[in-house]
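See below for the structure under consideration.
Atom set for the values below is all heavy atoms of this structure, side chains included, hydrogens, waters and symmetry mates excluded. The structure presented is a predicted model; accordingly, all values stated were derived computationally and were not measured. Counting starts at 1 for both ligands and their atoms, in listed order.
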Amino acid sequence: MEGILEKLSEIVGADFVSNAAEERFIYSRDQGVQPPHAPDYVVLPNTTEEVSALIRLANKNKIPVVPMGGALVLSGLTIPQRGGIVLDMKRMNRILEVNEMSHYVVVEAGASQGMLKAYLEKHHPQLKHSIPDAPPVATIGGNIAIHGSGHLSQSEGGFHSEMVTGLEVVLATGEVLKLGSCSTVPKWFSRAPLPDLVGLFLGWNGTTGVITKIGLKLFPSPKMKDIMMFMTEDVDTVPDILFRIIGTEMAEDMAFFVSPQPAYFDGFQIIMISVVANSVKEMKMRRELICDSVRDYLERKEAGFLPLPPHMKVKLMEAPQKNLSEFADTVRGGGFEYVGAIMPVECIPQAYRKGREITEQLGITYSMGARVIGRGHAVMFYYAYPFNRADAKNMETVAKALEESNEAALEMGGIPWKAEISGQQLILGRMEPGTYKLMTEVRKLLDPNGIMNPGNWEVRS
Ligand SMILES: Cc1cc2nc3c(=O)[nH]c(=O)nc-3n(C[C@H](O)[C@H](O)[C@H](O)COP(=O)(O)OP(=O)(O)OC[C@H]3O[C@@H](n4cnc5c(N)ncnc54)[C@H](O)[C@@H]3O)c2cc1C
């Protein structure tokens, strides 16, 4: 490590590199329960050229590099397991191009969800991107690197990684590449018809390279928005209700949740349905078709829509939703982590029952729910657990709940998303040996010295 600090300073400037104890402390952890581990250096590059030079230096000296966006993943994926450099991408936050006609934006990877939202609202109000419910400082790069999802995932094509039209990446050797149409023509409109190399950087948790620029799909932003709340006490009816409403193609976003807070929601299965339209007439039609699809439930009085007062609608129509962040404070200490499991829609009742069982056994608070991805092709089912950071015992219990939730998700046919290292090991343990071998070989090819976010996606349990 001798002389590394000086060399890093030469690349990014002395103000943007640090090995101070307090910085290393902050970058050693996230808001979840995963054990901390300090980096040796924290570096904030400003350009792709700087990222390339940093990676060349790290590769030559076999220093681990952990790319970081907002560090909001919660499952410890930005904790530098083997020290080295945390590459904080937040200075690379420029919005480079909006193509209105072809509906895409090109951003630097450290641009935050909030920045892109605000930029589009100001300069291109007829367009929007799919927003995750993470706090607005979450970055576009961090979100696609883990296959995130958001408020247009149901209606506009699934995971955010599926909305990527092209990437610029820096390989672990320092080489800079463009992938997608931008590799061949100066436009970022599509990954097809080329062989799809973009996937080599999506879902890999930063283990294959650093994403520096992203082409992302944008979608029309209708003028009006409304929200409907459908409630039932019977979890076994939830997949059918979702299936029917999805089938109308009238909803923009659909999410299901159960929560003991506030107390009057306890015991209800709640389905939130966002509807957008360009006129009062269109809105009325959309709402009516949604009601028609579940009319027999209404007639049998097995379920119903809850009329919502306007002030409540305003809160529920926000993107991102703040409810989950607020839930972190239900236990003193503000800690929060969740297992998000990608699973088939029909698994919801089983997933819910298992979640209740885990929390009852461990004596902790639960919050569960699911966002519909694609036209019901999957859901992201979350088991969220708040905890008190000042209470080591409480954190241990939550870590156990997360582990049990990961195991349960795999058992019922789902796959934990953005899993902690222990969860990744469970996944790899079940993966076909050939697939695991291919993953390992791809990684070796892209990162021969194993410097990229080591510890992730690498050991079968
Ligand atoms: C209250 C709350 C609600 C949430 N709701 C959602 C939701 O609705 N949908 C959703 O998708 N997520 C959600 N999340 C999870 C997470 O916060 C988001 O997915 C977020 O977008 C992750 O982005 P980030 O910038 O914080 O990534 P980070 O945590 O910084 O990084 C995530 C991973 O990506 C890698 N990475 C980061 N940047 C790069 C890069 N430039 N190149 C290569 N690899 C990189 C990191 O090494 C790490 O492995 C939620 C989190 C919270 C706290």
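Per-residue contacts place Asn453 under 4.0 angstrom from the following atoms of ligand 1 (heavy atoms of the residue considered): 47 (O), 49 (O). The atoms of ligand 1 that sit less than 4.0 Å from any heavy atom of Asn205 are 47 (O), 49 (O). Ligand-side atoms of ligand 1 in range of Arg371: 8 (O), range being under 4.0 angstrom from any heavy atom. For ligand 1, the atoms closer than 4.0 angstrom to any heavy atom of Pro135 are 2 (C), 52 (C), 53 (C). Near Gly209, meaning under 4.0 Å from any of its heavy atoms, are these atoms of ligand 1: 43 (C). The atoms of ligand 1 that sit less than 4.0 Å from any heavy atom of Val210 are 42 (N). Close contacts of ligand 1 with Met68, meaning ligand atoms under 4.0 Å from a residue heavy atom, involve 30 (O).
Asn388 and Asn394 make their closest contact through N-OD1, 2.7 Å (heavy atoms, listed as atom of the first residue, atom of the second, distance). In plain terms, the two heavy atoms of Pro416 and Leu410 that are nearest each other are CD-CG, 3.7 Å. Annotation for Met92 and Thr48: closest pair CE-N, 3.6 Å, computed over non-hydrogen atoms. Taking all atoms of both residues into account, the shortest heavy-atom contact from Ile211 to Gly141 is CD1-O, 4.5 Å. The shortest heavy-atom contact between Ala38 and Ser28 is CA-CB, 3.5 Å. When all heavy atoms are compared, the tightest approach of Ile55 to Val65 is CD1-CG1, 3.9 Å.
Between the side chain of Ser181 and the main chain of Phe189, a donor-acceptor pair closer than 3.5 Å is present.
Under the 3.5 Å distance criterion, with hydrogens and angles disregarded, no donor-acceptor pair is assigned to the side chains of Glu156 and Ser130.
Closest heavy-atom approach to atom 47 (O) of ligand 1 within the set Gly206, Ala384, Pro67, Ser153: this belongs to Pro67. Residue nearest to atom 18 (C) of ligand 1, selected from Val137, Leu74, Asn143: Asn143 (by heavy-atom distance). Between atom 37 (C) of ligand 1 and the options Gly110, Gly148, Gly142, the minimum heavy-atom separation is to Gly142. Of the listed residues (Ile140, Asn456, Asp133), the one carrying the non-hydrogen atom nearest atom 7 (C) of ligand 1 is Asp133. Evaluated by nearest non-hydrogen atom to atom 26 (O) of ligand 1, the leading choice among Leu72, Asp88, Thr207, Leu87 is Leu72. Distances from atom 10 (C) of ligand 1 to the heavy atoms of Ala109, Gly70, Ser149 put Ser149 nearest.
Put simply, the side chain of Met229 reaches to within 4.5 Å of the side chain of Phe265, judged on heavy atoms. Annotation: side chain of Tyr382 is not in contact with side chain of Arg371 (no heavy-atom distance under 4.5 Å).
At most 12 non-hydrogen atoms from other residues, nucleotides or ligands lie less than 6.0 angstrom from NZ of Lys178. Around the CZ atom of Phe243, the shell of radius 6.0 Å holds no more than 12 heavy atoms that belong to other residues, nucleotides or ligands.
Using a 4.0 Å cut-off between charged nitrogen and carboxylate oxygen, Glu404 and Lys400 count as a salt-bridge pair. Using a 4.0 Å cut-off between charged nitrogen and carboxylate oxygen, Lys128 and Glu252 count as a salt-bridge pair.
Ligand 1 lies within reach of Trp417, whose nearest heavy atom is under 4.0 Å from it. Not close to ligand 1: Ser112, with no non-hydrogen atom less than 4.0 angstrom away. Residue-ligand proximity: Phe336 is placed with a non-hydrogen atom under 4.0 Å from ligand 1. Using a 4.0 Å cutoff on heavy atoms, Met380 does not count as a contact of ligand 1. Ligand 1 lies nowhere less than 4.0 angstrom from a heavy atom belonging to Trp204.
No option in Arg443, Lys444, Lys437 other than Lys437 meets the salt bridge (Lys or Arg N to Asp or Glu O under 4.0 Å) test with Glu441.
Checking only distances, Thr139 does come within under 3.5 Å of ligand 1, N or O to N or O. Of the polar atoms of Thr78, none of the N or O atoms is found under 3.5 Å from an N or O of ligand 1, judged by distance alone. The shortest N or O to N or O distance between Tyr338 and ligand 1 is below 3.5 Å. Close N/O approach between Ile211 and ligand 1 is found [any backbone or side-chain N/O within under 3.5 Å]. By the 3.5 Å distance cut-off applied to N or O atoms, Ala134 is counted among the residues near ligand 1. In terms of N/O distances under 3.5 Å, ligand 1 is not approached by Ala138. Residue Gly150 has no nitrogen or oxygen atom sitting less than 3.5 Å from a nitrogen or oxygen atom of ligand 1, judged on distance alone.
Of the heavy atoms in Gln31, none comes closer than 4.0 Å to ligand 1.
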